[in-house]
> 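Submitted below is the structure of interest, expressed as structure tokens.
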Amino acid sequence: MPELPDVEAFRHYLHSRVLRQRIESVDVAAPGLIMGGDPKTLLRALRGAVLLSTHRHGKYLFLEIDRGGWLLLHFGMTGYPVVDANKQRPSDRARLRIRFANGHSFSYFDPRKLGRIGIVDDVAEFIRSRNLGPDVLSVTEDLFKERLKKKATGAKAALMDQHVLAGIGNVYADEILFQARLSPLARLSGVKSPTWRTLYRATRKVLSRAIEVRANPMSLPRTYLLHHRERNGRCPRCGRSLQTMKVGGRTTYYCPRDQRKAA
DNA sequence: AGGACGCCCTGTTCGC
DNA sequence: TGCGAACAGGGCGTCC
């Protein structure tokens, strides 16, 4: 499920594979995924154009179009990009396919159709209009604290709120809280400085480490909680049974012994 | 106002 | 063994 590290891996992949090539044709197989709902806008913006650069904000990926505007990609829960998909898998399952004049292609797959694609004039304006928080990897410790402490909800709900900080989803929120030894329900409003430092550092460490391994969980240490998100999963630190609960409708794994509720 | 919840969507897993 | 139910969750709309 694409969170910040996954989207950063997608960005890196597309940055090296789809820039500076003339777009020959665009095929929108799933119009329902288009933001604003009009495939014509997408076709008009992309046909004959060239992609110039990439940008990521939270879980959103943007590809700059030479004639102006940006192609926006959001991957929902099951989305992913593939270059030259027709050589490896049935391309007719792609929700969006872009063919380049040089024979290469870009496909956007999303089995569950929870992602979104669209054209935006300006990235900063899009972020403002959606009221998205700053990208979580771009903030200082002070800003991190300032944004999060305003939330009256539990720590996990606050970390996952894209309006507070953009980029953290369900799996990495659990991981960060596990490594910071904080309960998903801990209130952040009254947290003291050392705990803020711990939480900030855990956030940066987890996300940057995941980016280093191109968001492939198999390459992350076995001591990470994310390997143990399963029925009867055990805490990699103390070996006790992990507990689950729902936070904002999402399944939350935590160790009741190692993750204290209060800060 | 802001937090909790339902819905979208479909492939996979679960349980009887 | 088979099949329907439950589950997975990012983001948004609705309701309280």
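What you see is a predicted model; the values in this text were computed from it and never measured. Chain naming here is simple, since letters A, B, ... match the order of the sequence lines and numbering starts at 1 in each.
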> Side chain of K59(A), heavy atoms from C-beta onward: which of dG10(C), dA8(C), dG3(B) has the nearest atom to it?
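It is dG10(C).
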> Name the closest nucleotide to the T153(A) side chain, picking from dC12(C), dA4(B), dT10(B).
dA4(B)
> Got a sec, which residues hit side-chain hydrogen bond (donor to acceptor under 3.5 Å, both in side chains) with R128(A), two or more places apart in sequence or on another chain?
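Scan of R128(A) (side-chain hydrogen bond (donor to acceptor under 3.5 Å, both in side chains), adjacent residues dropped) gives E125(A).
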> What is the distance, to the nearest angstrom, from the CE atom on M77(A) to the C1' atom on dG11(B)?
9 Å
> Can you measure H163(A) atom NE2 to dA4(B) atom P for me and round it to whole angstrom units?
15 Å
> Taking atom types as modelled and ignoring hydrogens, do the side chains of D84(A) and H104(A) form a donor-acceptor contact shorter than 3.5 angstrom?
yes
> Judged by each residue's nearest nucleotide on DNA chain C, which is more toward the 5′ side, Y253(A) or Y60(A)?
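Looking at the nearest nucleotide for each, Y253(A) comes out on the 5' side.
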> Is atom NE2 of H12(A) surrounded by more than 12 heavy atoms (other residues, nucleotides or ligands) closer than 6.0 Å?
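No, NE2 of H12(A) has 12 or fewer neighbouring heavy atoms, counting only those of other groups under 6.0 Å.
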> Which residues satisfy the side-chain hydrogen bond (donor to acceptor under 3.5 Å, both in side chains) test with R204(A), sequence neighbours excluded?
Y200(A)
> Whole-Å distance between dC8(B) C1' and R95(A) CZ?
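Going from CZ in R95(A) over to C1' in dC8(B) covers 13 Å.
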> Which nucleotide sits closest to the side chain of R231(A): dG11(B), dC14(B), dA8(C)?
dC14(B)
> Closest approach to the side chain of R93(A), judged atom by atom: which nucleotide of dG11(B), dC12(C), dC14(B) is it?
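Output: dG11(B).
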> Hey, which sits more toward the 5' end of DNA chain B by its nearest nucleotide, P111(A) or R250(A)?
R250(A)
> Round to the nearest Å and state the distance from K150(A) atom NZ to dG3(B) atom C1'.
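In whole Å, dG3(B) C1' and K150(A) NZ are 18 Å from each other.
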> So with a 6.0 Å cut-off around CG of D121(A), is the heavy-atom count from everything else above 12?
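No, not enclosed.
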> I need the CZ-P distance between R112(A) and dT12(B), as an integer number of Å.
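After rounding, the reported distance stands at 9 Å.
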> For the helix from dG2(B)-dC16(C) to dC16(B)-dG2(C), what is the angle between the axes at its two ends, each from 5 pairs, rounded to 10°?
60°
> Among pairs that include at least one residue of residues 49-60 of chain A, which meet side-chain hydrogen bond (donor to acceptor under 3.5 Å, both in side chains), considering only residues two or more places apart or in two chains?
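For residues 49-60 of chain A, and leaving out neighbouring residues, the side-chain hydrogen bond (donor to acceptor under 3.5 Å, both in side chains) pairs sorted by first residue read E8(A)-R56(A), R11(A)-T54(A), H15(A)-T54(A), S53(A)-E64(A), R56(A)-D135(A).
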> Below 4.0 angstrom from OP1 or OP2 of dG10(C), is there any side-chain N or O of H74(A)?
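H74(A) to dG10(C) OP1/OP2: no side-chain N or O under 4.0 Å.
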> So what does G249(A) touch, heavy atoms closer than 4.0 Å: a base, only the sugar-phosphate, or nothing?
nothing
> Just call it for T251(A): base, sugar-phosphate, or nothing, with non-hydrogen atoms closer than 4.0 Å on any strand.
sugar-phosphate
> Calculate the interatomic distance between Y108(A) atom OH and dC9(B) atom P; express it in whole Å.
14 Å
> Among residues at least two apart in sequence or on other chains, which ones pass side-chain hydrogen bond (donor to acceptor under 3.5 Å, both in side chains) with R250(A)?
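side-chain hydrogen bond (donor to acceptor under 3.5 Å, both in side chains) check on R250(A) returns nothing, list empty.
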> Specify the separation, in whole Å, of atom CG of L132(A) and atom P of dG10(C).
14 Å
> In chain order, what residues pass the side-chain hydrogen bond (donor to acceptor under 3.5 Å, both in side chains) check against R209(A), with sequence neighbours excluded?
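Expected list: none.
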> Does K151(A) make a side-chain N or O approach to OP1 or OP2 of dG3(B) shorter than 4.0 Å?
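True: K151(A) side-chain N/O within range (under 4.0 Å) of dG3(B) OP1/OP2.
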> Report the distance from atom CZ of R116(A) to atom P of dC8(B), rounded to the nearest whole Å.
12 Å
